[in-house]
Colleague: 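Before I ask anything, here is the structure I am working with.
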2 protein chains.
Amino acid sequence: MGWGDLGAFGEPSKETPNLDQMAAEGMLFLDFYTASPLCSPSRAALLTGRLPVRNGFYTTNGHARNAYTPQDIVGGIPDSELLLPELLKKAGYTNKIIGKWHLGHRPQFHPLRHGFDEWFGSPNCHFGPYDSSERPNIPLYRDWEMIGRYYEDFKIDQKTGEANLTQLYLQEALDFISKQQASQQPFFLYWAIDATHAPVYASKQFLGTSQRGLYGDAVREIDDSIGKILKHLQNLGISENTFVFFTSDNGAALISAPKQGGSNGPFLCGKQTTFEGGMREPAIAWWPGHIPAGGVSHQLGSVMDLFSTSLSLANLQPPSDRQIDGIDLLPVILQGKLIDRPIFYYRGNELMAVRAGLYKAHYWTWSNSWEEHSKGIDFCPGQSVAGVTTHTQEEHTYLPLLFHLGRDPGEKYPLSFASEEYQRAVEHISGLLQQHKATLVPGQPQLNVCDQAVMNWSPPGCEKLGKCLKAPESDPKKCSWPH
Amino acid sequence: MGWGDLGAFGEPSKETPNLDQMAAEGMLFLDFYTASPLCSPSRAALLTGRLPVRNGFYTTNGHARNAYTPQDIVGGIPDSELLLPELLKKAGYTNKIIGKWHLGHRPQFHPLRHGFDEWFGSPNCHFGPYDSSERPNIPLYRDWEMIGRYYEDFKIDQKTGEANLTQLYLQEALDFISKQQASQQPFFLYWAIDATHAPVYASKQFLGTSQRGLYGDAVREIDDSIGKILKHLQNLGISENTFVFFTSDNGAALISAPKQGGSNGPFLCGKQTTFEGGMREPAIAWWPGHIPAGGVSHQLGSVMDLFSTSLSLANLQPPSDRQIDGIDLLPVILQGKLIDRPIFYYRGNELMAVRAGLYKAHYWTWSNSWEEHSKGIDFCPGQSVAGVTTHTQEEHTYLPLLFHLGRDPGEKYPLSFASEEYQRAVEHISGLLQQHKATLVPGQPQLNVCDQAVMNWSPPGCEKLGKCLKAPESDPKKCSWPH
């Protein structure tokens, strides 16, 4: 989902009344970022509070490549990483993930081995359908075992876009919340739905209800579900005791636009890029009775802050034996403070850009290669900015491209290298960059090796369902990450 | 000002709390249009309820050219046109214009000869400063006579951007409203401020207060002023008896971006074009006690509707002896109805595009010529869409370019000519176009002839001020309208 996909963020169809209401009752973050322009690394960062380059969710197969966890990936979340639910357990929380895990699908990476108590959802994206000989369909799990596969047992009609998955995920969330409330147990629910990820889908009752086509229908169903979850918290009388945060793991995928891709509002390019359209996210904090209604914050925030903020809410300390990139946002959310901190825009293990205050310096620019672009893969459709949305990897480390995101949120007008404003801002940002790089200890890269043998051929529980498939011979290779 | 310049419309600095509050208390129009991508024709359309091609505010000097009223223009609003204030007079209204008139500066075009009772402002844009020999500075009028000139008596500091004009215009508005309330007289106030038009300015107290630079400062001052005007209506106890509408006369001028140009949000290009960025406008209706708070309308609206709507509010009928393009929006505003009507996008006397429902068909595309573009004049910076933002005038009358503005508000993905959806939509729109063209009676074009002798050398009242300048010989020529 993109920054511009919500009514509260200026989507011209304004079809998200529940999220807009959530914003009106809570706090809207206008300068909130994900930790990577792609899904898996962002989610790993959210749950560890650490940049992907630290927690291993990156590749070194090529320079500045985006990588994720397709089902032939060998790696996943290392045991050495401490995930938010692992820590929350110590404070008595019950932790549930509903939806896409995306931190590795092999047994050692299973979410229930990394702090979650319950799971309903899939380890990978809902790509498919596959024919089960070249590639198995993605399984859905309930807790330790699979309960079926996408397209086989959990239908997604590619022609009409109909699928009732968001409804299943909603019901699962409502039930979990009810159960926790009944047993008076604190809980962490990671509601990681994926209806706006291509192939986009929505339930029958939402199909055709939007001005924006199938993508808008999916947004409306998510919006409706969030309204129901918030209402449920209120009905159960626990809304003042429950902190809710809404955000996304990357900008709208413009490559899927207009039918399956959303809006990044006034920002440049989309998913896969380190321009604002790739990493600036819609974000709303909601906690009635605590967060003043109608708040708007310009705090530079990150999905990694949800790690630190959640720990703070549970009166826990973040681990002290490692670098945590997230910060505790409670002073921002509850007292309206602004905390000075930079935003780092990575692609793989290359630091592409840094934002401090309203200035953003690009040290590298790249959308994708000419070769990919010539195949019609375009992350910036209709948005070519000369010297900025480059199709060759352009190094600017000695003379960064600088933008003022207040005057120029669309990153279209680089500041003059000769200006005093440029000198001052770049000096400041380059200092932050040096400090960051000097203390950086990269994790072991997890997204380098792919092997068809590790795909979801025979997930645990497949025997009971008669859904085990025979894996081919192991043939580990470097994964191909073209952009 | 552009669609994307207000917080309520998703501007990422969210610095318009008063306009956002106005929207929260009133109705936000998401699909509201001006009648021309340029100022003078839009304003003529607003005050006559008629398209510029009917009321004469266009040129035939070239094909599909934008034209306005610089101070060497010979034409202006014809006497045959009936302006909103002329009609409101019949219902006892006192009419005042504060700010830019722009419907002709020669004596026969004076606003007090066209229905206004009072005027404080200028006949033209605040361009300058001029040296008074080649070109006089633009005068400001109080009612019939000039009271000074821009840059001479009404300072605009081009270096700092400081000018207190919006404050003068605000005070003038507050005083007028107080006077009318005291005398229990109904009034029409046309508050036509121009601080966001280049050269952009703001008062000292607003300079540097925005994240968006000088342009943002100007927006903030306008926002603050509107807040004060609404508050004043409330304090005087007449807010429930006063209909207020906020909108703009063209999209943000991206050619002035980023320092002096605003945001058109997710829309394509800016001022001067018939893409959405040139003509879709922010729009808010406010009338406490009548308009339900927090309303959002997808009604296709136009500045020309303000003519018909205002007449309706005053229980007056629109003239029946001519075609009126505006419609009465009261059923939309008060009862939430949706009225089926197309939007016509003109450039000069060429109908460039037509919108019906969510479909927009372009019959001609043109941003500007390669010649102009090569001089750095760019109405679509960073937004080139192949075959759409063309630099040659491209005719598509036999096979219009069709966009679905719900799925694709940015006009980046033309629908396939071969699709059923295309056939159906184009058939419908082409029917509307034919009907429109069949009944169109173009007015006498007013913006063809320019003459240096008619400039503001010696406006009425100049003698008292010692500010009369000698006009050069008359030398009428075709005005040059390059785009």
Side-chain angles (χ1 to χ4, degrees), chain A residues 2-4 6-15 17 20-21 24 28 30-31 210-216 254 257-268 276 280 294 296-298 357-358 378 380-386 388-389 403-413 415, chain B residues 2-4 6-15 17 20-21 24 28 30-31 210-216 254 257-268 276 280 294 296-298 357-358 378 380-386 388-389 403-413 415:
Chain A
W3 192 94
L6 275 56
F9 286 87
E11 203 289 316
S13 297
K14 239 180 165 62
E15 295 173 332
D20 297 355
Q21 181 68 20
L28 197 64
L30 297 167
D31 299 79
S210 157
Q211 291 194 345
R212 304 177 67 198
L214 183 56
Y215 184 89
L254 300 187
K259 293 209 171 166
Q260 307 234 333
S263 167
N264 297 314
F267 300 123
L268 188 63
E276 291 296 288
R280 182 115 57 128
V296 166
S297 179
H298 289 291
L358 286 165
D378 192 349
C380 316
Q383 285 194 308
S384 169
V385 182
V388 179
T389 57
F403 294 94
H404 186 286
L405 294 180
R407 300 195 298 268
D408 176 23
E411 296 169 283
K412 293 190 169 73
Y413 307 92
L415 269 77
Chain B
W3 192 94
L6 274 56
F9 287 87
E11 202 291 314
S13 298
K14 238 179 166 60
E15 296 173 332
D20 297 353
Q21 181 68 21
L28 198 64
L30 296 167
D31 299 79
S210 157
Q211 292 194 345
R212 304 177 66 197
L214 183 56
Y215 184 90
L254 299 188
K259 293 209 171 166
Q260 307 233 333
S263 166
N264 297 314
F267 300 123
L268 188 63
E276 291 296 288
R280 182 111 61 126
V296 166
S297 179
H298 289 290
L358 285 166
D378 191 349
C380 316
Q383 285 194 309
S384 168
V385 182
V388 178
T389 57
F403 295 94
H404 185 285
L405 295 179
R407 300 195 298 267
D408 176 24
E411 294 169 285
K412 293 189 168 75
Y413 307 92
L415 270 77

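In what follows, every chain begins at residue 1, and chains take the letters A, B, ... in the order their sequences are listed.
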Colleague: Tell me, for A/Tyr413 versus chain B, whether the close heavy atoms (under 4.5 Å) come from the side chain, the backbone, both or neither.
Modeller: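 The side chain, not the backbone.
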
Colleague: Counting heavy-atom pairs closer than 4.5 Å to chain B, which one of A/Gln383, A/Arg212, A/Glu11, A/Arg280 comes out on top?
Modeller: A/Arg212

Colleague: Under a 4.5 Å heavy-atom cut-off, does chain B meet the side chain of A/Ala8, its backbone, both or neither?
Modeller: backbone

Colleague: Let me confirm one number: the NZ-NE2 distance from A/Lys259 to B/His404, rounded to the nearest 0.5 Å.
Modeller: 9.5 Å

Colleague: Where does A/Leu214 contact chain B at under 4.5 Å (heavy atoms): side chain, backbone, both or neither?
Modeller: neither

Colleague: Taking the side chain as every heavy atom from C-beta outward, state whether A/Lys412 and B/Leu254 have any pair of such atoms under 4.5 Å apart.
Modeller: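 The answer is no, as the side chains (C-beta and beyond) never meet within the 4.5 Å cut-off.
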
Colleague: Using non-hydrogen atoms and a 4.5 Å limit, figure out which bit of B/Ala386 sits close to chain A: side chain, backbone, both or neither.
Modeller: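 For B/Ala386, neither part sits under 4.5 Å from chain A.
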
Colleague: If we define contacts as heavy-atom pairs under 4.5 Å, which of A/Pro409, A/Gly213, A/Pro381 has the most with chain B?
Modeller: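 That would be A/Pro381.
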
Colleague: Among A/Phe267, A/Tyr215, A/Trp3, who wins on heavy-atom pairs under 4.5 Å with chain B?
Modeller: A/Trp3

Colleague: Which bit of B/Leu6 comes within less than 4.5 Å of chain A, counting heavy atoms only: side chain, backbone, both or neither?
Modeller: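 No part of it gets close to chain A.
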
Colleague: Please determine, among A/Gly406, A/Gly10, A/Pro258, the option with the most heavy-atom pairs under 4.5 Å with chain B.
Modeller: A/Pro258

Colleague: Mind checking the CG-CD spacing from A/Leu30 to B/Gln211? Nearest 0.5 Å is all I need.
Modeller: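 Atom-to-atom, A/Leu30:CG and B/Gln211:CD are 8.5 Å apart.
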
Colleague: Go through A/Gly262, A/Ala257, A/Gly265 and name the one with the most non-hydrogen pairs under 4.5 angstrom from chain B.
Modeller: A/Ala257

Colleague: Among the options A/His298, A/Glu15, A/Lys14, A/Glu411, pick out the one with the most heavy-atom pairs lying under 4.5 Å from chain B.
Modeller: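 Among the listed options, the one with the most contacts to chain B is A/His298.
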
Colleague: Calculate, to the nearest 0.5 Å, the distance between atoms OG and CZ belonging to B/Ser13 and A/Arg407 respectively.
Modeller: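 Result: 11.5 Å between the selected atoms.
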
